[in-house]
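Working notes for the structure below.
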Amino acid sequence: WSKFSTGAAPPVRRSQRPSMSSRSSSVLSSRNGAAMCASSCRCRRRGSMQLSYITAEMHDNFAKALEAGARVGVEVVSLRAPVWDSHLENLDDDQVRRICDLLAARGMRPGMLLSPVGKCNIADEARVTKNGEILKRTFDTAHRLGSNQVRVFPFRAPAPVAFGPS
């Protein structure tokens with residue numbers, strides 16, 4: 001595979017998957033038809049970028065979302081709710097174990113957990129407090145999954161900020 005597309009990819013065994021460095025001159029097509037050159041990608045080296053995708057945007061069924069990425073050699077997935085109708089911060093130990101098993105079976109690992117934290121007005125103390133509780137539980141889930149990355153948003157300002165000449 002030299003391109004990622006929305007079409008179905010043929011199944012590829014792990015031993016047949018090219019490393020990202022061997023795909024370094026390939027072109028990755030995005031949804032809007034624009035292309036990004038991956039010629040400088042050295043994904044096996046520490047501190048470099050790796051291709052990832054958001055499972056919840058790939059398919060509603062978590063296992064099928066993983067399978068789609070595994071077919072084209074993606075090794076890192078970003079998790080966003082819902083996963084089996086649960087928010088990430090509410091995943092129990094059995095669900096976390098099941099996620100880890102599904103990822104391991106496909107040679108994948110979790111990347112960033114995409115939380116909704118911060119998508120509220122900073123002046124709403126109750127919602128900010130609730131977001132703090134969600135964040136703590138999301139950190140716990142991330143650690144149980146073996147990830148050290150959680151996405152958050154900046155809280156919204158109490159009133160819209162007008163932009164214009166100063």
Side-chain angles (χ1 to χ4, degrees), residues 4-6 8-9 11-12 14 17 20 28-32 34 36 38 41-161 163:
F4 294 104
S5 67
T6 57
V12 179
R14 181 113 177 109
R17 291 182 191 155
M20 283 302 288
L28 308 178
S29 298
S30 67
R31 280 187 177 176
N32 66 3
M36 300 179 302
C41 181
R42 302 213 193 298
C43 296
R44 297 284 183 231
R45 293 186 182 172
R46 182 185 167 117
S48 62
M49 285 193 243
Q50 270 191 313
L51 182 64
S52 177
Y53 66 94
I54 301 170
T55 54
E57 292 183 6
M58 186 64 71
H59 201 284
D60 290 340
N61 179 300
F62 184 70
K64 288 182 180 181
L66 294 180
E67 199 58 46
R71 279 195 305 263
V72 295
V74 175
E75 296 175 4
V76 180
V77 294
S78 296
L79 296 142
R80 193 190 74 204
V83 176
W84 300 306
D85 298 322
S86 294
H87 292 283
L88 297 175
E89 69 272 12
N90 295 330
L91 293 173
D92 63 31
D93 288 339
D94 288 334
Q95 290 171 312
V96 168
R97 200 170 303 112
R98 189 171 161 202
I99 290 169
C100 291
D101 290 346
L102 288 170
L103 290 169
R106 290 160 178 81
M108 301 172 107
R109 66 180 175 81
M112 187 176 294
L113 274 68
L114 307 175
S115 80
V117 170
K119 286 186 162 185
C120 67
N121 189 313
I122 191 79
D124 186 339
E125 289 184 40
R127 296 227 20 225
V128 170
T129 299
K130 183 178 180 181
N131 272 246
E133 294 164 2
I134 291 170
L135 184 59
K136 287 176 189 176
R137 292 195 314 267
T138 305
F139 282 160
D140 177 62
T141 301
H143 287 288
R144 289 185 292 145
L145 286 168
S147 175
N148 63 356
Q149 300 175 343
V150 173
R151 178 206 60 192
V152 297
F153 293 92
F155 289 96
R156 292 187 205 118
V161 178
F163 291 99

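Looking at T141 and N90, their side chains never come closer than 4.5 Å, going by heavy atoms from C-beta outward. Q95 places a side-chain heavy atom less than 4.5 Å from the side chain of S86. Side chains of L79 and L114 form no contact here, defined as non-hydrogen atoms less than 4.5 Å apart. Between T55 and R80 the shortest side-chain heavy-atom distance does not fall below 4.5 Å. With a 4.5 Å cut-off on side-chain heavy atoms, L113 and S78 do not count as touching. In this structure, F153 and V117 have side chains that are not in contact, with every pair of non-hydrogen atoms separated by 4.5 Å or more.
Counting only residues at least two apart or on different chains, the salt bridge (charged side-chain N to carboxylate O under 4.0 Å, His left out) pairs with a member in residues 60-70 are E67-R106. Counting only residues at least two apart or on different chains, the side chain to side chain donor-acceptor pair (under 3.5 Å) pairs with a member in residues 107-129 are Q50-R109.
L91 contributes atom CG, which lies 11.0 Å from atom CZ of R98 (distance to the nearest 0.5 angstrom). Taking CG of D140 as the start and CG of L88 as the end, the distance is 12.0 Å to the nearest 0.5 Å. To the nearest 0.5 angstrom, M108 atom CE is 10.5 Å from L102 atom CG.
Counting only distance, with no hydrogens or angles, the side chain of S52 and the backbone of V76 share a donor-acceptor pair below 3.5 Å. Checking side-chain atoms of Y53 against main-chain N and O of A65 turns up a donor-acceptor pair under 3.5 Å.
Looking at residues two or more places apart in sequence or on another chain, you find no side chain to side chain donor-acceptor pair (under 3.5 Å) involving S147. Qualifying ring pair (Phe, Tyr, Trp, His ring centres under 6.0 Å) partners for F62, counting only residues two or more places apart in sequence or in other chains: W84. Judged as a side chain to side chain donor-acceptor pair (under 3.5 Å), and not counting sequence neighbours, E89 has no contacts. Shown here are the side chain to side chain contact (heavy atoms under 4.5 Å, CB included) partners of D93, two or more places apart in sequence or in another chain: R97, R144.
Within a 6.0 Å sphere centred on CG of D101, heavy atoms belonging to other residues, nucleotides or ligands number more than 12.
Here the closest non-hydrogen pair linking D92 and D94 is OD1-N, 3.1 Å. Minimum interatomic distance between G118 and N131 (heavy atoms only, all atoms of both residues): N-OD1, 2.7 Å.
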